[in-house]
Structure formats: C-alpha cells, structure tokens
Asker: 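Mind looking over this structure? Questions follow.
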Amino acid sequence: MLRYIALRRNNIVKRIPTELYPQGNYPSVVFCSRHNFSLFSRRSSTSFSTAKSTMLSIPSTPPPKSKILVLGAGNFGSCLADHLGNSDHEVFMWSREARFVEYFNKHQRNPDYLKDHEFSTNIRAVGPEIPSTEMMKQMDVLLFAIPTQGVRETLIKLQHSLNRDHLPLMIFVNKGIETDTQALTLEIIADTCGSEIARAATFISGPSFAKEIVRRQPTSVSVASLTESQAKKASEIFHQPWFRCYTGSDPIGLELAGALKNVYAIATGLADGLGFENNTRAGLITRGLAEMTRIGTAYGASPLTFLGLAGVGDLFLTCSSPTSRNYTVGYRLGKGEPLEEIIKTLGSVAEGVTTAKGLKKIVDEMQVSAPIANGIYSLLYEGKDLHEGIQELMCRPPSRELDLPEKAGEPAKRLMQKLGLDA
C-alpha cells in the first residue's frame, strides 16, 4: 500500500512506501510549507511538525507578506488570525476589551476561546479603542469577524479612516442577516461605505470549525466577490496546503447560504434533543437545503452556490456536529431549556437565533414556501408549542420534492441597483 505527499501550489505527488512507517502507523497526508511539513496521522487528528526536510523542495514562490487587521477576537476571528499569522503575515487582532488585549499580548493566548491553543507570535492584540486612521492606512487587509448585528456600527466608525485612493482588501466572514433591516452584509457595506467599496468587498464562508483550523486539519472554503480580482487576492492570502480556497462571483448566494444554514442547524439540534435519530436528521438537512436553495433563488442568487462549500458543505457540518453553537441551541431547546437561559449560558453568539427573525420577513415578502424556517421562527419568537409545531410540519399535504420559484431576483436586483450594477 502507498500513501502520498501533496506539494503546495503545484500538482507534484510523490509516493511513499509504507515500510518507512512500521506497524502500519503511516500518515494519510503530508502537507508541506516552505518552513516545515506536517504529518496527519490516519489514527489521530494531531499534526506533528518536523524539522525542515531535504526530501522535499517547493519550487513555487509564496505570496508577499501582508499587514492584516482582524476586527473581532472571538472564536472564528481568533482562529483566522492564527492561520494568517502562521502563514507569515503580520496580524493585528482588535478587541473592544482591554482585558483581552493585555492578556493576549502577555501570554499569546485567548482567555475566552480556544484557551489551550498558543497563538502565532506574528499576532499582536490591539484595542480597546477603535483603530486609528494612521493604523488603518498601514493595513493591506481588513478582516471583519464580528457578529452581523454589529457590522453596521463598526463600519460607521471606521469608514472615515479608509484611504479611498488606496483601499485595503476588505474581507467579511460573519454569517447572518441584519434583523431590523433584513440587509445582507453586502448592502450594509454599501449603506455605510458606498457602492465602490461594496463592489470590491470579499466574503469567505464554508465548513470551517475554528478548533480544527488551528490544528491545521484540512479545510476548504468558498471566497466570493463581485470583483473577481479581489476574490483571487483573498484566496491567495488565505490559501495553504491545509486551507484550500475556491473562488466565485456570487457573494449574495454565499451570504444567504452562510446565514440560512444556522437556522436549519437549530432545527436539526432540536430533533436530536427530542430523541429523533438518523432518518430525521437526514430529512431535515436535505429539506433544509431545498428551502435554502428556493429562498436564495427567489432572492436572486445562483442555485449552484447552494451546492458548494458555503451551501451544502457548511449546512452538513453545522447540522451534524454537537460543537456547533446553533445546533447546541436547538438541542437544548429540545431538552426543554428556555431560550433565554440558553443564550445567557452559551458563551458565544448563535447567529441562527437572530437570523430566523430577519429571514421570516424576507420569506414573507417573497412569498416563498419555507415551512422549516417558519417553524423555527414560531418556536423562538411566537411561543409555539414544540410538539404542536412538529405535528404541523409533518402533517402537511404531499408536495413536489424539488422546485424553484418562477419569479426570482427582485431583492438582488434592488441591491445591484444600489451598487450601480443594474442587472
């Protein structure tokens, strides 16, 4: 039997005889960078770094270092900062808490998330004051990793500091819909910073748990922008042998997929909490994907986006893992805990709870059939009895399995007009 070495940024593959690994303890993959290579054991998820090996040569030239400001020091913002720091970029991670800034810079650890992980020494925490204009001018990349409900406020504070003659690459990784306005992040950027900046904004989404990223477990994500060159730049900055990036041009679909899957994760966790098993989970994930695609198409997104990493990939991950925050909310609801207590003790933001409210208004406006999403909204915000809601969902008359709306695209058309891109 043979195992393989995958070389960074080319298609060269070398075979390794298993006799090099006695007792069958051979690696599944050997990932290489210009500094080291990491062995991912097929028996363990742990990575083992070795000294620089003469056995491997990397002919490609890595992209130049960038100065990157990560806005948000939560679970996902921290893991991406670590990934970028380990990729040799100079990273500044902003937090609004002075306690965090002091602790991180002293111990190179996050006191609240990924507590056992020692972060890259290429990261320095900054804050709690909003980054200065001078600092912003020095940045090549701004990475926004804050909850959707806080994006507008943050952009209003920062937009005056942006150098519009030499804009940094702006990347957004939040997943949600603004509750009060039902706006996607793309529209929030246009409202606060202008259409030119919105057109260049880039979005990253996909199945990517933070704890696995910091352990360099193979991860793949979607990167989308209305400006293809910006998506390619973001991809080059993030791309590593353990972190693959696939570019696209449908940020609306990517945003909707990333937001909506959190609502269906609540539904799946709910079912598991009630004691339902595999048939139920598989049905909810599949019908959830059908609803997401129907809603997204009605909005004006490409249905193909929902078949990619940001769609079915992230949906499957979030709906099938107990470590998902949104799944956990649903699971605890299924066990009978009140929503207020769950939110208070969760320890981090579950965007699906607020997204369900914004999604309800969008679904009603577009008159799209979304029984699962509507059921979650009724449970969270209208006090619907859980068992009554399940009965209503399962007792609906038979219907077509797959269908797309005949009239589609009005919300996206309005957004494109706001961006100066008349469809």
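The structure displayed is predicted, hence computed values, not measured ones.
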Asker: Start with the C-alpha distance between Val101 and Val126, add both sets of side-chain angles, then the distance that settles side chain to side chain contact (heavy atoms under 4.5 Å, CB included), and finish with yes or no.
Answerer: CA-CA 6 Å; Val101 175; Val126 296; 5.7 Å; no
Asker: What about Phe243 and His239, are their ring centers closer than 6.0 Å?
Answerer: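 Ring-ring flag for Phe243/His239: false, centres at least 6.0 Å apart.
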Asker: For Thr192, run the side chain to side chain contact (heavy atoms under 4.5 Å, CB included) check against Leu155, Leu158, Ile197 and tell me which one passes.
Answerer: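 That would be Leu155.
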Asker: To the closest 0.5 Å, what do you measure between OG (Ser222) and CG (Leu254)?
Answerer: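 It is 5.5 Å, given to the nearest 0.5 Å.
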Asker: Once rounded to the nearest 0.5 Å, what's the spacing between atom CD1 of Ile204 and atom CD1 of Ile171?
Answerer: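 Rounded to the nearest 0.5 Å, the CD1-CD1 separation comes to 5.0 Å.
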Asker: Of all residues at least two apart in sequence or in a different chain, which pass the side chain to side chain contact (heavy atoms under 4.5 Å, CB included) check with Ser399?
Answerer: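 Ser399 satisfies side chain to side chain contact (heavy atoms under 4.5 Å, CB included) with no other residue.
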Asker: So with a 6.0 Å cut-off around CD of Glu196, is the heavy-atom count from everything else above 12?
Answerer: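 Count not over threshold, so no.
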Asker: Mark yes or no for whether Thr354, through its side chain, and Gly352, through its backbone, hold a donor-acceptor pair below 3.5 Å.
Answerer: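 Pair absent, no side-chain N/O of Thr354 close to backbone of Gly352.
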Asker: Is it true that Ser321 and Thr323 share a donor-acceptor pair across their side chains at a distance under 3.5 Å?
Answerer: yes
Asker: Give every residue pair that meets the side chain to side chain donor-acceptor pair (under 3.5 Å) criterion with at least one member in residues 243-270, sequence neighbours excluded.
Answerer: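 Sorted result for residues 243-270: Thr185-Glu255, Arg244-Tyr246, Asp250-Thr305, Lys261-Thr318, Asn262-Asn326, Tyr264-Glu291.
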Asker: Look at Lys211 together with Asp116 and state whether they make a salt bridge at an N to O cut-off of under 4.0 Å.
Answerer: no
Asker: Would you mind checking if Glu340 and Lys344 are paired as a salt bridge, meaning a charged N to carboxylate O distance below 4.0 Å?
Answerer: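 Result for this pair is no, no salt bridge flagged.
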Asker: Quick one: does Ser302's side chain have a donor or acceptor within less than 3.5 Å of a partner on Leu304's backbone?
Answerer: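 Confirmed, Ser302 side chain pairs with Leu304 backbone.
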Asker: Over all heavy atoms of both residues, which pair between Ile146 and Gly72 is shortest? Give the atoms and the distance, please.
Answerer: CG2-CA, 3.9 Å
Asker: Quick one: does any side-chain atom of Ser225 pair with a main-chain N or O of Glu228 as donor and acceptor, under 3.5 Å?
Answerer: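 Not at all, since once roles are kept as given, no pair shorter than 3.5 Å links the two residues.
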Asker: Output yes when a side-chain donor or acceptor of Ser235 lies under 3.5 Å from a complementary backbone atom of Ala231, and no otherwise.
Answerer: no
Asker: Residues two or more places apart in sequence or in another chain: which of them pass side chain to side chain contact (heavy atoms under 4.5 Å, CB included) with Glu90?
Answerer: Lys67, Phe92
Asker: Please name all residues satisfying salt bridge (Lys or Arg N to Asp or Glu O under 4.0 Å) with Glu410, sequence neighbours left out, ordered by chain then number.
Answerer: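 For Glu410 the salt bridge (Lys or Arg N to Asp or Glu O under 4.0 Å) partners, ignoring immediate neighbours, are Lys413.
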Asker: Quick check: closest heavy atoms across Pro322 and Thr328, and the distance to 0.1 Å?
Answerer: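 Smallest heavy-atom distance, with atoms named: O-OG1, 3.1 Å.
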Asker: Backbone N or O of Ser66 within a donor-acceptor pair of the His89 side chain at under 3.5 Å?
Answerer: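 Checking the backbone N and O of Ser66 against the side chain of His89, a donor-acceptor pair under 3.5 Å is found.
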Asker: Please check: side-chain N/O of Arg99 versus main-chain N/O of Pro111, any donor-acceptor pairing under 3.5 Å?
Answerer: no
Asker: At their closest point, which heavy atom of Gly85 faces which heavy atom of Val91, and how far apart are they?
Answerer: N-CG2, 3.7 Å
Asker: Report the C-alpha separation of Lys175 and Asp314 in whole Å, then their side-chain angles, then the decisive distance to 0.1 Å, and conclude whether the salt bridge (Lys or Arg N to Asp or Glu O under 4.0 Å) test is met.
Answerer: CA-CA 11 Å; Lys175 300 174 181 178; Asp314 210 0; 2.7 Å; yes
Asker: Indicate yes or no for a side-chain donor-acceptor contact from Arg294 to the backbone of Pro405 under 3.5 Å, with no hydrogens or angles considered.
Answerer: no
Asker: Between Trp94 and Pro128, which heavy-atom pair has the shortest distance, and what is it?
Answerer: NE1-O, 3.6 Å
Asker: What I want to find out is whether Arg109 reaches Glu102 closely enough, with some N-O distance under 4.0 Å, to be called a salt bridge.
Answerer: no
Asker: For the backbone of Leu419 and the side chain of Arg199, can you confirm whether one donor and one acceptor N or O come within less than 3.5 Å of each other?
Answerer: yes
Asker: Go through the steps to decide whether Met93 and Leu71 satisfy the test side chain to side chain contact (heavy atoms under 4.5 Å, CB included), and finish with yes or no.
Answerer: CA-CA 6 Å; Met93 182 164 54; Leu71 293 137; over 6 Å; no
Asker: In Å, rounded to the nearest 0.5 Å, how long is the span from CD of Glu97 to OG of Ser95?
Answerer: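 It is 5.0 Å, given to the nearest 0.5 Å.
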Asker: Ignoring hydrogens and angles, tell me if any N or O in the side chain of Thr286 forms a donor-acceptor pair with the backbone of Ala282 under 3.5 Å.
Answerer: yes
Asker: Between Thr280 (side chain only) and Asn278 (backbone N and O only), is there a donor and an acceptor less than 3.5 Å apart?
Answerer: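 No, because the side chain of Thr280 does not come within donor-acceptor range (under 3.5 Å) of the backbone of Asn278.
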Asker: What pairs of residues pass the side chain to side chain donor-acceptor pair (under 3.5 Å) test when at least one of them lies in residues 124-136, not counting sequence neighbours?
Answerer: Thr133-Ser161
Asker: Minimum heavy-atom separation for Asn110 to Ser78, with atom names?
Answerer: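 Shortest heavy-atom contact: ND2-OG, 2.7 Å.
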Asker: Below 30° counts as parallel, above 60° as perpendicular, anything between as tilted: where do the rings of His83 and Trp242 land?
Answerer: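 Because their plane-to-plane angle is over 60°, the rings of His83 and Trp242 count as perpendicular.
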Asker: For Asn75, give me all partners under side-chain hydrogen bond (donor to acceptor under 3.5 Å, both in side chains), at least two apart in sequence or on another chain.
Answerer: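 Counting only residues at least two positions away or on another chain, Asn75 forms no side-chain hydrogen bond (donor to acceptor under 3.5 Å, both in side chains).
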Asker: What pairs with Ser378 under side-chain hydrogen bond (donor to acceptor under 3.5 Å, both in side chains), at least two apart in sequence or on another chain?
Answerer: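 Once residues adjacent in sequence are excluded, the partners of Ser378 under the side-chain hydrogen bond (donor to acceptor under 3.5 Å, both in side chains) criterion are Glu382.
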Asker: Could Lys418 and Asp191 be called an ion pair, given the rule that one side-chain N must be under 4.0 Å from one carboxylate O?
Answerer: yes
Asker: Does the pair Glu153 and Lys157 meet the rule for a salt bridge (Lys or Arg N to Asp or Glu O under 4.0 Å), with working shown?
Answerer: CA-CA 6 Å; Glu153 178 187 356; Lys157 292 178 180 178; 3.2 Å; yes
Asker: Can a donor-acceptor pair be found between the side chains of Ser120 and Asp82 at a distance below 3.5 Å?
Answerer: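 Short answer, no.
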Asker: Run the ring-ring contact (aromatic ring centres under 6.0 Å, His included) test against Phe104 and tell me which residues pass, sequence neighbours left out.
Answerer: Phe100, Phe119
Asker: Under the side chain to side chain contact (heavy atoms under 4.5 Å, CB included) test, which residues partner Arg396, sequence neighbours left out?
Answerer: Pro371, Leu393
Asker: Asn105: which residues meet the side-chain hydrogen bond (donor to acceptor under 3.5 Å, both in side chains) condition with it, sequence neighbours left out?
Answerer: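 Listed in chain order: nothing, the list is empty.
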Asker: How many angstroms lie between atom CG of Leu404 and atom OG1 of Thr297, to the nearest 0.5 angstrom?
Answerer: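 It comes to 4.5 Å.
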Asker: Calculate, to the nearest 0.5 Å, the distance between atoms CG and CG belonging to Leu260 and Leu359 respectively.
Answerer: 4.5 Å
Asker: Do other residues, nucleotides or ligands put more than 12 heavy atoms under 6.0 Å from the NZ atom of Lys384?
Answerer: yes
Asker: Set out, in order, the CA-CA distance, both residues' side-chain angles and the distance that settles side chain to side chain contact (heavy atoms under 4.5 Å, CB included) for Ile252 and Tyr299, then state yes or no.
Answerer: CA-CA 9 Å; Ile252 292 177; Tyr299 198 98; 3.7 Å; yes
Asker: List in chain and number order the residues that pass side-chain hydrogen bond (donor to acceptor under 3.5 Å, both in side chains) with Thr179, two or more places apart in sequence or in another chain; answer none if no residue qualifies.
Answerer: Gln149
Asker: For the residue pair Tyr327 and Asp272, confirm or rule out a side-chain donor-acceptor distance under 3.5 Å.
Answerer: yes
Asker: Minimum heavy-atom separation for Gly288 to Ile372, with atom names?
Answerer: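 So the two residues come closest at N-CD1, 4.0 Å.
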Asker: Just jot down the salt bridge (Lys or Arg N to Asp or Glu O under 4.0 Å) partners of Glu178, sequence neighbours excluded, or say none.
Answerer: Arg152
Asker: Return the CZ to CG distance between Phe203 and Leu184, rounded to the nearest 0.5 Å.
Answerer: 8.5 Å
